[in-house]
Amino acid sequence: QEVRVSGRVTSSDDGSPLPGVNIAEKGTSNGTISDTNGNYGLAVKSGSTLIFSFVGYASQEVEIGGRTTIDIVLETDILALSEIVVVGYGQQEKKDITGAVTDISTKDFNRGVITSPQDLLVGKLAGVSVTTASGAPGSNATIRIRSGSSLNASNDPLIVIDGFPVERSVISGISNPLASINPNDIETFTVLKDASATAIYGNRASNGVIIITTKRGKAGKPVFNFNTALSFSTPIKYYDVLSGDEYRTLVNELAVDGISGINQTALDKLGTANTDWQREIYRTAVSSDNNLSASGSIKNIPFRASYGYTTQQGILRNTDLQRHSLNLSVTPLFLDNHLKVNLNVKGSNVVNNFGEQGAIGSAVTFDPTQPVRDPDSAFDGYFSWANLGAGQGGTSNPVAQLEQTDNVGTVNRILTNAEIEYKFHMLPELKLNVNAGLDYSESDGYNRVPITAEFLRVTNSGVTTTTGRDNTYSGVNRSALLDVYLNYAKEIGIQKFDVTAGFGEQTFLRERFSSSAFADGTNLREASDPSENYLRSFFGRLNYSLNDKYLITATIRNDLSSRFSKDNRSGLFPSIAVGWRIKDEAFLANVNFLSDLKVRASYGITGQQDIANDYPALALYTASDSLATYEFGGVNYVTLRPEEYDANIKWETTATYNLGVDFGMFENRLTGSVELYRKNTDDLLSNIQVPAGSNFSNFLDTNIGSIESKGVEVSLQGVPISNGKLTWNAGLNFTYATNEITKLLLVDNPDFLGLERGNVGVAQNIQNHQVGYAPFSFFTFQQVYDAAGKPIEGLFVNRSGDPTAVVGNNRNKYRYQKPVADYLIGVNSRVSYVNWDFAFSGRLSLGNYVYNNNLSGRAFYNNIYGLDHFRNVPRSIYDTDFVNQQQLSDYYVQDASFFKMDNMSLGYTLNDLFASKLKARFSLTVQNAFIVTKYDGIDPEVDGGIDNNIYPRPRVFLLGVNLDF
Amino acid sequence: DLDLQPIDPDVTTSRSAYNSPEAYKQGLAKLYASFILTGQQGPAGNSDITTSDEGNSSFLRQMWNMEELTTDEAVWSYPNDFGGTIFNLHYHSWLPTDGIGAFAYARIMNSVVLANEYIRATAGSSDPDLQLYNTEARFIRALSYFYGLNLFGKMPFVTEANLPGAFLPEEIIRTDLFEYIESELLAIQDEMGEPKFEYGRADKAACSMLLAKLYLNAEVYLGAGNERYTQAITELNKVITGPYSLAPNYLNNFLADNNTSPELIFSFNSDGRYSQSYSAVWTIIKGNAGNGGFSGLRTTSALVGKFAPTDPRAHFLKEDVGQSLEIEAVNNTKQGYGVNKFRNVTSTGQIPDDGTDFIDTDYPLFRLGDAYLMYAEAVLRGGTGGDINTAVGYINQLRNRSGDPAIGNITSGQLTLDFILDERARELYWEGHRRTDLIRFGQFTGDTYLWPWKGGVSEGIASEPFRSLFPIPADDRALNPNLTQNAGYPGGN
Amino acid sequence: MKNKFLMFFMLLGPFWISGCEDRELATLSESVTANTLSALDGSNFVLTKDDEAEDFQTFTWTAVDFGFPASVNYTLQVDRASNSFEAPFDLASTNELSVTVKVSEMNEALLALGFTPQEAVSVAFRVVASIGSDVPPIVSSASNAELTPYATAFPPIYGMGAGLKGWGPWPDNAVEFQSEEFNKFQTITLLTNNGEAFRFFAQLDWNPVSYNYPFFTTVSPLFENAGDGDSNFKFVGATGYYSISVDLTAKTVTAEPTEEPALYMMGAAINGWGPWSDKEVKMTYIKPGVFETTTNFQVEAFRFFAQAAWEPISYNYPFFESVDSKFENAADGDSNLKFVGEPGAYKITVNLNEKTVVIGDQPVPKLFMMGGALNGWGPWNDKEVELTYVSPGVYTATATFISGEIFRFFGQADWNPTSYNYNYFTTVDPLFELNPGDGDNNLKYVGATGAVNIRVNLTTKVITVE
Ligand SMILES: [Ca+2]
Ligand SMILES: [Ca+2]
């Protein structure tokens with residue numbers, strides 16, 4: 001017998017009606033959605049139970065009993081455990097999840113000048129590290145989930161946007177593949193960390209998966225949101241070098257001692273100026289970010305449309321980024337709600353002015369006694385060492401570098417997909433899903449320098465000519481996707497089944513065209529490097545739960561990659577996970593402080609095939625370009641080279657063990673989870689040395705080596721205070737991770753010093769891969785100090801025991817520290833009091849070390865004068881008083897542990913403006929508020945651990961207005 | 001379909017690579033290019049071998065470093081290069097874990113495997129062009145192995161019978177390698193092109209020169225008593241009676257248009273516009289101290305002192321450009337004379353109009369002047385088939401070719417082995433022969449001959465005798481257990 | 001409850017502190033203890049040349065602890081015991097804790113320190129440990145011993161004085177006394193009983209070391225103290241060649257009369273194959289085994305003879321180890337030397353000790369006379385008179401001069417480029433006068449017409465008539 005139930009859903013926050021709330025009849029597929037006024041109506045079986053659920057609010061189950069009108073007040077959700085979470089090829093209730101899955105949604109995102117989606121995540125999630133490459137507008141960021149599991153293959157996680165796994169490869173003309181996505185359109189990030197969660201993405205899952213879900217339309221009368229932010233960015237710190245006067249004094253002292261070859265001829269070249277070159281190249285940058293969106297339904301078709309316009313200036317002059325983005329999402333229902341369509345179209349246009357970042361290093365080095373401009377200069381009026389006849393190897397005038405470089409890339413991208421879900425009429429438990437999409441980017445750009453610029457030049461037989469530069473490039477990335485899968489969900493008594501099976505295919509095409517030439521068009525070289533790879537997959541998943549307490553998830557995926565030969569193409573990636581909701585057991589029923597407790601365990605195998613080479617198993621020949629030909633009898637012939645290959649190359653595999661506990665205490669005022677994991681990657685896709693004579697090069701892409709990663713992750717969220725006026729939310733995430741190479745060669749041999757990495761000079765490396773150590777460990781000589789703690793020039797510890805000199809014997813080098821942090825701790829807090837809110841988020845990174853190449857490359861007296869010109873030096877030259885460069889000293893491997901206050905934000909919200917038609921929030925945010933560190937470079941956060949001249953991350957002051965109407 | 005084929009127009013599969021006669025010549029060009037260029041992009045990019053510095057991976061550059069930086073002829077300025085091991089070359093303290101030897105070693109084997117592949121691709125053809133290409137590929141392989149023989153003694157041994165893959169090549173010991181190279185060269189000698197048939201390609205004379213070098217050093221390679229001086233003279237006579245003559249001016253062999261020098265027998269070619277690399281020729285022209293370049297290279301007073309003040313072959317950059325004669329600190333770019341012998345100007349004083357940072361000067365691997373000196377030495381060492389008066393005549397031709405007789409003729413009484421060694425230094429300095437020469441004369445290691453910074457001290461001290469062979473790189477021994485270490489080095493016996 | 005919650009945040013503290021923890025730095029000790037050099041296995045050593053390849057000592061010492069594992073370079077030094085290592089000699093450098101020094105190396109060190117061979121000297125050894133130029137080296141304890149070096153080089157001494165070849169100049173007039181044994185010297189030289197003096201010098205100069213008569217304890221009676229203020233030697237025997245031996249250790253000078261050392265050249269290359277006493281060229285004795293002369297060579301054969309006779313001793317081409325390229329083996333059955341250069345007069349030097357034959361690069365210049373006083377003013381290759389080369393710059397000729405006529409000398413058989421007129425010479429025999437006013441300042445013969453033996457020295461610019 002059916003009854004019709006109706007009512008109104010309101011928010012516990014302010015009593016306002018909640019549109020778009022899901023109302024479902026429990027145990028059936030019957031349901032509806034509340035309208036703009038929060039009203040709903042639904043025909044149900046008498047005696048049934050209704051489930052009210054809405055993102056951001058706690059779900060409620062209500063037995064209808066005899067009622068026909070049920071008004072519901074939904075509580076703002078602090079019980080995160082009951083959310084719906086997007087997982088691969090489907091979604092799940094968080095309480096049913098057995099893998100290591102964590103998510104973050106709009107309200108938890110970082111605020112500030114955010115041009116790339118991953119910036120929203122910085123410091124927010126345990127086990128997820130996001131390191132932006134630099135402070136340049138649109139700069140790339142490295143995302144690592146559980147520190148990555150590969151040596152040479154990609155360590156980037158798979159990123160899935162609205163069901164579409166996107167291309168990892170960066171197209172020329174943009175630094176960051178995600179920068180074309182407007183962060184404002186993102187609703188949630190879901191991070192899948194363990195194999196149970198990721199194995200459904202088998203072939204690309206070893207480094208974790210980030211699922212990005214964009215905002216969708218909500219049924220009802222269209223509502224609008226407009227937000228705008230104006231920001232001012234300034235350099236936090238300048239590199240500490242000598243002023244013009246200090247420099248003159250030092251140079252004259254050195255001349256007396258005859259150091260660095262400074263004689264009268266040299267002294268005559270000193271200028272009279274006091275130029276602070278760093279202040280000449282940086283500025284206070286002004287940026288703005290503007291977004292307008294409309295969401296609602298038109299003729300019962302829910303939609304969301306948004307337009308974003310971002311213009312960001314870099315603090316380095318002549319660098320900026322502009323982005324237009326359009327995002328349209330339409331989610332109609334057809335065939336009596338049996339056919340659900342989700343159509344997404346994301347378009348963007350990004351213009352990135354990269355400028356000339358070489359000016360950063362030049363500004364540190366350039367002689368501070370020289371002026372910026374010189375009326376006698378033949379080079380567009382910029383002071384240049386060439387005026388003094390130095391010619392070769394000089395240091396370039398940084399201002400000239402900035403102003404004479406025109407280096408702009410433009411990228412247009414469209415990412416569109418249609419997800420269709422059909423619920424069979426005769427068998428509503430069975431759903432067919434089809435996801436078809438296309439991700440298409442095209443770019444073009446140029447990097448030009450006029451021939452009048454002094455800093456690009458060639459010298460032959462004493463004659464120096466400037467060349468200028470006219471480089472152009474263009475590119476296309478095209479990825480097409482088709483996924484088809486069936487889902488069957490059935491509840492039989494206390495047992496629940498949820499089975500998914502399907503197949504997918506995705507193709508990737510990358511085209512790169514580039515030409516480089518001098519400004520006058522000579523010395524032209526053109527290159528075209530198109531390449532493609534395909535992936536085909538079959539996958540299945542079973543979720544089973546017994547009595548809602550005992551949970552099992554099993555997945556399997558069979559992947560085929562075009563990168564491997566027929567025989568090795570197929571990889572099988574299974575996983576299994578179990579969960580136990582202990583809190584639901586009777587023996588804990590009376591443990592009151594504990595509101596939730598679940599333990600999880602999983603094991604699975606994932607694969608990796610993503611290496612730079614798309615054809616590593618094929619015997620190929622490559623022709624040379626026009627500048628690498630060879631002359632016979634007056635004719636230059638292009639050359640033809642056979643490429644090294646491994647016909648047997650195959651999948652890299654990672655086995656992951658994960659143990660997790662989710663808990664809630666004090667009525668879920670404090671919730672959290674703890675994860676322990678171990679990952680073992682075998683058959684590493686290494687680019688590694690092979691025996692001389694065995695292949696067409698000394699290095700080969702092949703499967704050798706193993707890595708083991710282990711870690712502990714803790715997440716805590718709490719609401720220490722919550723009353724009508726004052727609410728305090730706080731969160732902490734803690735990550736401890738280690739990563740160690742366990743095998744590097746077919747037969748490991750102590751004579752093998754490891755693979756060199758981290759180039760810092762001519763055939764000069766500072767990092768090393770070796771068995772028993774973390775990848776990219778620093779490989780240096782151990783500095784000896786005097787009793788006062790000052791390093792003694794040229795004196796190092798004999799670590800090999802070889803009786804001969806220490807320097808020059810690589811066996812005396814040792815692995816001292818590594819770039820990756822041992823501990824990462826993120827903290828965030830948000831306090832709201834009536835209309836005010838104050839939030840901050842910060843990060844503590846411990847045990848990350850940086851090789852300070854800025855110092856090692858500059859802070860020695862013989863660097864001051866050479867190749868007939870002067871170079872400025874860091875003031876810390878006085879800490880060491882090194883005369884000669886000591887590049888391989890571990891003195892320069894410095895503890896770069898830090899605490900960064902990434903964000904501090906103060907907001908004020910005005911409700912009910914213009915008769916409740918407008919809600920406004922005003923905010924003031926400081927990004928990069930402060931850094932606590934012992935590291936004496938500009939910024940301790942150095943991706944890769946070698947501090948050259950990175951574009952400094954600025955401090956940003958941001959004024960924002962957010963209007964809902 | 002997942003069987004993708006490359007879509008890059010520059011890339012073909014091995015099956016379709018040689019689909020035109022032109023393609024075969026391109027494949028041949030690669031074999032020659034593998035000695036001087038570093039990859040498929042000029043001047044660097046898409047490198048042949050993976051190293052920490054592509055420019056430094058040029059075969060010629062590392063061969064040059066090992067032949068010259070280990071002697072009295074050349075000194076490098078930058079101590080941090082190669083992880084701080086580059087000065088080990090000066091100090092005679094190199095180790096199996098140093099980078100430079102590993103670069104050269106990898107290069108040698110890379111040229112060998114490229115040649116092997118090409119030999120397979122051209123095998124059995126009835127096309128006379130392809131037959132000749134095949135022969136030249138065997139010469140290139142023999143030449144590569146010759147450098148292995150000369151620098152490392154024993155090498156991994158692969159021929160066209162070894163297909164690329166993941167296997168452990170066998171080791172070939174020095175005496176066997178000698179015999180292999182000799183047998184290959186003798187087998188192809190008559191099939192090579194006639195002298196000067198095409199500039200840049202190895203011909204009969206190049207083959208004879210390589211054989212002569214093998215024979216002249218036979219006692220070094222095979223042990224005392226295994227002299228082959230008569231065979232050396234036989235080969236040298238073939239070279240000398242060929243269509244070569246001394247360049248009218250000594251310098252013409254080292255200039256941007258040295259491809260026109262009648263003296264060059266075999267060269268590795270450069271072109272500032274179309275054939276760019278950071279090879280040895282580039283370094284010794286651009287890296288010369290005293291000429292405004294990057295001042296990477298100077299020479300010692302021991303070389304300078306071998307020249308009479310009026311010797312027209314002495315091209316040094318001296319005090320007038322700020323260089324001093326003696327080197328008190330190896331890393332002081334102002335100490336030690338620069339060597340201004342190789343230049344990127346033509347014999348008429350023109351700077352090539354490439355407008356690039358790269359050079360046109362070809363690397364004169366074999367030239368008639370060297371053949372003359374080798375002839376004289378082989379005669380003096382007791383080889384038959386030549387005579388001392390002819391030898392004296394050759395030497396005096398070399399000494400007087402500049403038209404400036406100031407250094408004068410020598411008499412047969414003055415033509416001694418000691419004289420030959422010094423004269424080779426005067427005539428051939430910086431051409432990549434010095435270490436081999438000093439070893440042949442027993443003066444490379446030990447204390448018979450000391451020069452500044454030999455052994456790591458400014459006045460020079462003795463070095464250990466085992467250093468006349470370089471160590472097998474530790475990395476390759478770690479990868480390939482078939483390889484043994486040379487005596488004297490850690491792991492050797 | 002709130003407190004429990006905050007506790008989690010407090011956990012941060014320990015991590016922050018552990019992150020700041022510094023590792024222990026390798027530090028150079030502030031005061032490094034000196035190490036010990038073991039004593040030698042004896043206190044008194046006489047080094048001998050016979051033992052030169054033997055080991056002298058293995059020196060061992062204790063390691064220096066610099067406070068960290070260092071690559072220490074140890075330098076073994078030796079110096080005169082009384083010299084406090086002010087100017088030590090570095091015997092050996094090593095990274096090990098011992099080094100073996102050979103007798104020859106030890107001896108070389110002692111000589112380099114300036115010690116006299118065969119004289120015992122007290123020396124001290126020590127080891128200097130160094131780990132780099134920026135760290136002061138550490139000096140070990142010293143070990144002492146008394147050592148006697150042996151001589152390894154035997155430099156000659158020289159006789160100089162008018163009693164020999166003259167009082168200077170150096171080195172032309174020095175008579176070399178060769179040595180093959182420490183302090184023993186010997187030569188053969190011409191002694192002239194001319195009442196003049198000489199003495200011995202240790203170097204090719206007047207200073208610093210010379211030996212006069214009173215220095216010696218036993219001197220051959222053929223010599224006396226010249227009593228000339230320098231107490232030089234004076235030869236009082238019969239003029240002739242003597243073999244003189246000097247022993248600076250025993251302080252003796254002996255002299256035995258001996259034959260003049262002689263070497264002759266004979267053959268078609270010179271004046272023809274005999275007869276003896278006519279065609280041979282006697283070479284000038286320079287020092288034992290070394291002879292030289294200047295003579296005319298034709299492209300013919302010749303060889304050297306130890307006596308003015310065919311027998312018993314002669315030297316042919318194969319005898320020599322190094323022969324100038326202007327000669328080759330005549331391959332004429334006797335393996336004579338064949339001159340193959342441009343005919344003319346050359347200076348030739350033969351060293352029988354080193355078995356070398358060296359000949360000058362260019363023929364000695366020729367000299368001609370031409371003019372009315374002789375056969376007339378040309379033409380060339382007909383009328384000129386060629387003078388005979390005697391010694392560098394010295395030419396002679398016998399020619400018929402016509403009284404009152406003029407002539408001059410020419411450096412070639414042509415008018416140009418070189419000629420010598422009257423004004424060129426500083427001393428001219430009175431038979432010749434300046435013929436002024438002829439524009440060429442020729443010489444005029446003022447003697448009676450007839451044959452004249454004329455001798456021209458272009459070096460001293462003298463014309464004499466014999
Ligand atoms: Ca291409
Ligand atoms: Ca060329």
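In what follows, every chain begins at residue 1, and chains take the letters A, B, ... in the order their sequences are listed. All figures in this text were calculated on a predicted structure; none of them were measured in a lab.
- Taking 4.0 Å as the cut-off between side-chain N and carboxylate O, A:Asp559 and A:Arg536 do not count as a salt-bridged pair.
- Remark: side-chain polar atoms of A:Glu526 are not paired, donor with acceptor, to backbone N or O of A:Ser514 under 3.5 angstrom.
- By number of non-hydrogen pairs under 4.5 angstrom with chain B, the leading residue of A:Gln689, A:Gln886, A:Glu644 is A:Gln689.
- In this structure, chain B has a heavy atom under 4.5 Å from the backbone of A:Ser531, while its side chain stays farther away.
- With a 4.5 angstrom heavy-atom cutoff, A:Val747 touches chain B only via backbone atoms.
- In this structure, chain B has no heavy atom under 4.5 Å from any part of A:Leu746.
- For A:Tyr615, the part sitting under 4.5 Å from any heavy atom of chain B is the side chain, from C-beta outward, and nothing else.
- Taking the charged nitrogens against the carboxylate oxygens, A:Glu532 and A:Arg510 have no contact shorter than 4.0 Å, which rules out a salt bridge.
- For chain A, the option among B:Leu37, B:Asn56, B:Asp48, B:Val345 with the highest count of heavy-atom pairs below 4.5 Å is B:Asp48.
- Using a distance-only test at 3.5 Å, with no hydrogens or angles considered, no donor-acceptor pair links the side chain of B:Asp271 to the main chain of B:Asp360.
- If you measure heavy-atom distances from B:Ile351 to chain A, the contacts under 4.5 Å come from the side chain alone.
- Of the two parts of B:Glu22, only the side chain, counted from C-beta on, holds a non-hydrogen atom closer than 4.5 Å to a non-hydrogen atom of chain A.
- With a 4.5 Å cut-off on non-hydrogen atoms, A:Tyr645 touches chain B through its side chain but not through its backbone.
- Taking the ring centre of A:Phe564 as origin, the terminal cationic atom of A:Arg569 falls outside the region bounded by 6.0 Å and 45° from the ring axis.
- For B:Ala23, the parts lying near chain A are the backbone and the side chain together; criterion is any non-hydrogen pair under 4.5 Å.
- The greatest number of non-hydrogen atom pairs below 4.5 Å with chain B, out of A:Asp520, A:Leu627, A:Asn648, is found for A:Leu627.
- At distances below 3.5 Å, not a single donor-acceptor pair connects side-chain atoms of B:Asn332 with backbone N or O atoms of B:Ala329.
- Both the backbone and the side chain of B:Ala33 come within contact range of chain A, with heavy atoms under 4.5 Å apart.
- Between A:Asp701 and A:Asp646 the shortest heavy-atom distance is O-CB, 3.6 Å.
- When each of A:Ser694, A:Ser562, A:Ser624 is checked for heavy-atom pairs under 4.5 Å with chain B, A:Ser694 comes out on top.
- Side-chain atoms of A:Asn695 do not come within 3.5 Å of backbone N or O of A:Ser697 as any donor-acceptor pair.
- The shortest heavy-atom contact between B:Phe268 and B:Ile36 is O-CD1, 3.8 Å.
- For the set A:Asn749, A:Leu640, A:Val807, the count of heavy-atom pairs under 4.5 angstrom toward chain B peaks at A:Leu640.
- In this structure, chain B has heavy atoms under 4.5 Å from both the backbone and the side chain of A:Asn809.
- For the options B:Asp1, B:Asp3, B:Asp354, heavy-atom pairs under 4.5 Å to chain A are most numerous at B:Asp3.
- Looking at B:Ser47, only its backbone comes within 4.5 Å of chain A, counting heavy atoms on both sides.
- Within the 4.5 angstrom heavy-atom criterion, only side-chain atoms of A:Leu509, from C-beta onward, approach chain B.
- For chain A, the nearby parts of B:Pro6 are the backbone and the side chain; heavy atoms of each come within less than 4.5 Å.
- If you measure heavy-atom distances from B:Phe87 to chain A, you find no contacts under 4.5 Å at all.
- Chain A forms more heavy-atom pairs under 4.5 Å with one residue of B:Ile49, B:Asn80, B:Val158 than with any other, namely B:Asn80.
- Proximity to chain B involves both the backbone and the side chain of A:Asn810, based on heavy atoms less than 4.5 angstrom apart.
- Contact tally against chain B (heavy-atom pairs below 4.5 Å) for A:Arg641, A:Glu631, A:Arg563, A:Gln764: the top residue is A:Arg641.
- The aromatic rings of A:Phe632 and B:Tyr32 sit perpendicular, their planes meeting at an angle over 60°, well past the 30° parallel limit.
- Residues A:Tyr534 and A:Phe508 keep their aromatic ring centres 6.0 Å or farther apart.
- With a 4.5 angstrom heavy-atom cutoff, A:Asn884 touches chain B only via side-chain atoms.
- No part of B:Phe157 comes within reach of chain A, as not one of its non-hydrogen atoms sits under 4.5 angstrom from that chain.
- Heavy atoms closer than 4.5 Å to chain A are found in the side chain of B:Ile359, but not in its backbone.
- In this structure a side-chain-to-backbone donor-acceptor pair under 3.5 Å is present from B:Thr356 to B:Gly272.
- In summary, the aromatic rings of A:Tyr637 and A:Tyr630 are positioned with their centroids too far apart to meet the 6.0 Å limit.
- In this structure, the portion of A:Ser626 lying under 4.5 Å from any heavy atom of chain B is its backbone and not its side chain.
- Of the listed residues B:Lys334, B:Arg15, B:Glu117, the one with more heavy-atom pairs under 4.5 angstrom with chain A than any other is B:Glu117.
- Using a cut-off of 4.0 Å between Lys/Arg side-chain N and Asp/Glu carboxylate O, B:Glu198 and B:Lys25 are scored as salt-bridged.
- Both the backbone and the side chain of B:Thr13 come within contact range of chain A, with heavy atoms under 4.5 Å apart.
- Annotation: maximal heavy-atom pairing with chain A below 4.5 Å, among B:Leu114, B:Asn480, B:Asn344, B:Leu95, occurs at B:Asn344.
- A:Ser537 has its side chain out of reach of A:Glu505: every pair of non-hydrogen atoms, C-beta onward, lies at least 4.5 Å apart.
- The greatest number of non-hydrogen atom pairs below 4.5 Å with chain B, out of A:Pro642, A:Gly634, A:Ala647, is found for A:Pro642.
- Looking at B:Tyr118, there are no atoms closer than 4.5 Å to chain A (heavy atoms on both sides), in backbone or side chain.
- Note on B:Ile86, B:Leu479, B:Asp53: by heavy-atom pairs under 4.5 Å with chain A, the leading option is B:Leu479.
- Atoms CZ and CG, from B:Arg343 and B:Leu255 in turn, are 7.0 Å apart once rounded to the nearest 0.5 Å.
- Taking 4.0 Å as the cut-off between side-chain N and carboxylate O, A:Asp625 and A:Arg525 count as a salt-bridged pair.
- For B:Asp476, the part sitting under 4.5 Å from any heavy atom of chain A is the side chain, from C-beta outward, and nothing else.
- B:Thr333 places a side-chain heavy atom less than 4.5 Å from the side chain of B:Tyr78.
- For A:Leu560, the parts sitting under 4.5 Å from any heavy atom of chain B are the backbone and the side chain alike.
- For B:Trp76 against B:His90, the heavy-atom pair with the smallest separation is N-NE2, 2.9 Å.
- Listed here is the closest heavy atom pair of B:Pro169 and B:Asn482: O-ND2, 3.1 Å.
- Using a 4.5 Å cut-off between heavy atoms, B:Leu28 touches chain A through backbone and side chain atoms alike.
- If you measure heavy-atom distances from B:Ser267 to chain A, the contacts under 4.5 Å come from the backbone alone.
- Classified by interplanar angle (parallel below 30°, tilted 30° to 60°, perpendicular above 60°), the ring pair B:Phe358/B:Tyr278 is perpendicular.
- Both the backbone and the side chain of A:Ala692 come within contact range of chain B, with heavy atoms under 4.5 Å apart.
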